[in-house]
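What you see below is based on every heavy atom in this structure, not just the backbone, and it leaves out hydrogens, waters and symmetry mates. Reminder, nothing fancy here: chain letters follow the sequence lines and each chain counts from 1.
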Amino acid sequence: MKSVNGNRNNEDLRRYLLGTLPKLLQDQVEQRLMTDAVFNDELVATEDDLIDQYLSQQLSDQERRQFEAHFAITAERQGKIRFGRIFRSYLDSLPAADYRARVGGHSSDRFAVFGAWSGRIPVLVTALVIALFAGTLAAWFVYQRQNRVEGQPVVITLVPGSLRSLEATSQRLKQPPPNTTVQIQLKLTANEYRTYQVELFSENRLVRTVKSLQAQNTDGDLILKFAVESDILNAGDYQCKLSGISDSGQVEFKDSYGFRVNP
Amino acid sequence: MKKNWVLSQESFDALLQWLAPDREQAGQKYEEIRQRLIRIFTARGCHEPEDLADETINRAADKAGSISEDYVGDPALYFYAVANNIHLEYLRRKPAPTPPIKLDESNHTEEEFHCLEQCLSGLAPESRDLVVRYYQDEKKAKINQRKLLARNLGIGPNALRIRACRIRASLQKCVEKCLGQHFV
């Protein structure tokens, strides 16, 4: 069905749920709902998204009115909204990711400094500062954009070994630029499990757990690949604790992989 | 609307036979169709979506024996056509408009959080990790997190979304069961 395919699905389903989809499209959506299981799953996921956006005040005034008057009228949906509120409170109570706090801090510091100066200097100088600042900001955005679009993810391949042996190895990484992805590849000595999990520690502090990894054969090497945001990798020593998941679901420690991020 | 349609055993058997030759598969298909009809009536703003869905099924079942042999296409679409008639009859009855609902914004009880934590810990570790990481964070951080999750799991963004949504639904069921009541 052309009109509800691809990227339009979500928007059409949102409008359908809010009761603002034109009748013709509504009929098409409903016929597809009757016959397409995946489309049904998408509808349920869109309901969850709408609820989360409602609870986090991300709906427009019009959408909010439609949500309350049209969407939230059945007991089932009110149950979902109530659960969404509990779940959201729970998630908000979890520690925020370090990188988010850091990125937010930098940005507000920058504007605070600018604000403090702007009230004290003559207009001409202010204009010059603004121009310079805008230029720098534009260059920064271009740099970020190029990094995202053209930049290959930083890749580091690790062999088993403790942090103590770091001095003698090349398992080092220059601190990657912000907002990039670092792909970590762990070389395995044998593939004994169907799935693995990796816990990434920084100075004995767990910063990330990656599960359901499967070994891949790359150029004759058994490799486990996973990706992390560069923002969680500050200068310092890191350790990947590799465990295999047995058929009975037991987590069995296998190896440690150390690496260092240099400033 | 003609009320009190009764689904006879004969009609029910004919209906299942039409939906699938295997009775178990037919039962699953029946339940899928019912759930989808409920969603449609809900989306149309009907107050009693379950009743309207059952009415639709009863009426379609009544015809199943006579039309199934000549009917071409997915039977679900026949149910949809019947549902449209049922909806028109519902509108003709001019149901009272539902007043806008004052959504409950009360603080959550310790019990609710306890149930949620208990249900989260009952999930498989992979599912727990997925559902927390998928729904945590805001805006750009959330987008990045989801990209990473999809990459690490080797699935597309839509498959990840549906997987997270299913885990969330099972979590909600578990919490409701734990609390011994529905959140209404």
Give, as side chain, backbone, both or neither, the part of C115(B) having an atom under 4.5 angstrom from any heavy atom of chain A. neither

Looking only at heavy atoms and a cut-off of under 4.5 Å, which of L77(B), L153(B), N84(B), L149(B) has the most pairs with chain A? L77(B)

Interface moiety of L171(B) toward chain A, non-hydrogen atoms closer than 4.5 Å: both

Report the option among C46(B), P125(B), P49(B) that has the most heavy-atom pairs separated by less than 4.5 Å from atoms of chain A. P125(B)

Run the side chain to side chain donor-acceptor pair (under 3.5 Å) check on E24(B) and Q28(B) step by step: do they pass? CA-CA 6 Å; E24(B) 195 172 326; Q28(B) 280 178 4; 4.6 Å; no

Bottom line for F87(A): the part with an atom under 4.5 Å from chain B's heavy atoms is both

Cysteines C178(B) and C119(B) with SG distance under 2.5 Å: no

Any luck finding a side-chain donor-acceptor pair between Q31(A) and Y80(B) under 3.5 Å? no

Passing option when Q53(A) is tested against E63(A), R64(A), R14(A), Q58(A) for side-chain hydrogen bond (donor to acceptor under 3.5 Å, both in side chains): R14(A)

Under 3.5 Å, is there a donor-acceptor pair between the Y90(A) and E117(B) side chains? no

Given heavy-atom pairs under 4.5 angstrom as the criterion, report whether the side chain, backbone, both or neither of N152(B) touches chain A. both

Looking only at K147(B), R161(B), E126(B), most heavy-atom pairs under 4.5 Å shared with chain A are made by R161(B)

Of the backbone (N, CA, C, O) and the side chain (C-beta and beyond), which part of R65(A) lies under 4.5 Å from a heavy atom of chain B, both, or neither? neither

Compute whether any side-chain donor of one residue and acceptor of the other, for Q35(B) and E31(B), lie under 3.5 angstrom apart. yes

Report the option among L148(B), D74(B), V132(B) that has the most heavy-atom pairs separated by less than 4.5 Å from atoms of chain A. L148(B)

Honestly, the part of L18(A) sitting under 4.5 Å from a heavy atom of chain B is neither

If you apply the rule side chain to side chain contact (heavy atoms under 4.5 Å, CB included), what do you find for F41(B) with Y90(B), and how did you get there? CA-CA 10 Å; F41(B) 283 122; Y90(B) 168 84; over 6 Å; no

In terms of heavy-atom proximity below 4.5 Å to chain A, should R166(B) be classed as side chain, backbone, both, or neither? side chain

Pick from L213(A), D52(A), V38(A) with the largest number of heavy-atom pairs that fall under 4.5 Å of chain B: D52(A)

Check each atom of I40(B) against the heavy atoms of chain A and say whether the ones under 4.5 Å are side chain, backbone, both or neither. both

Centres of the F79(B) and Y30(B) rings: under 6.0 Å? no

Note: vs chain A, highest number of non-hydrogen pairs under 4.5 angstrom among N158(B), I38(B), I33(B) is N158(B)

With only heavy atoms counted, which part of V228(A) is less than 4.5 Å from chain B, the side chain, the backbone, both or neither? backbone

Check R93(B) with E89(B), please: is the shortest side-chain N to carboxylate O separation under 4.0 Å? no

Test item: Y16(A) side-chain N/O and L43(A) main-chain N/O as donor-acceptor pair under 3.5 Å: no

Against chain B, label E42(A) side chain, backbone, both or neither, depending on which of its atoms sit under 4.5 Å from a heavy atom there. both

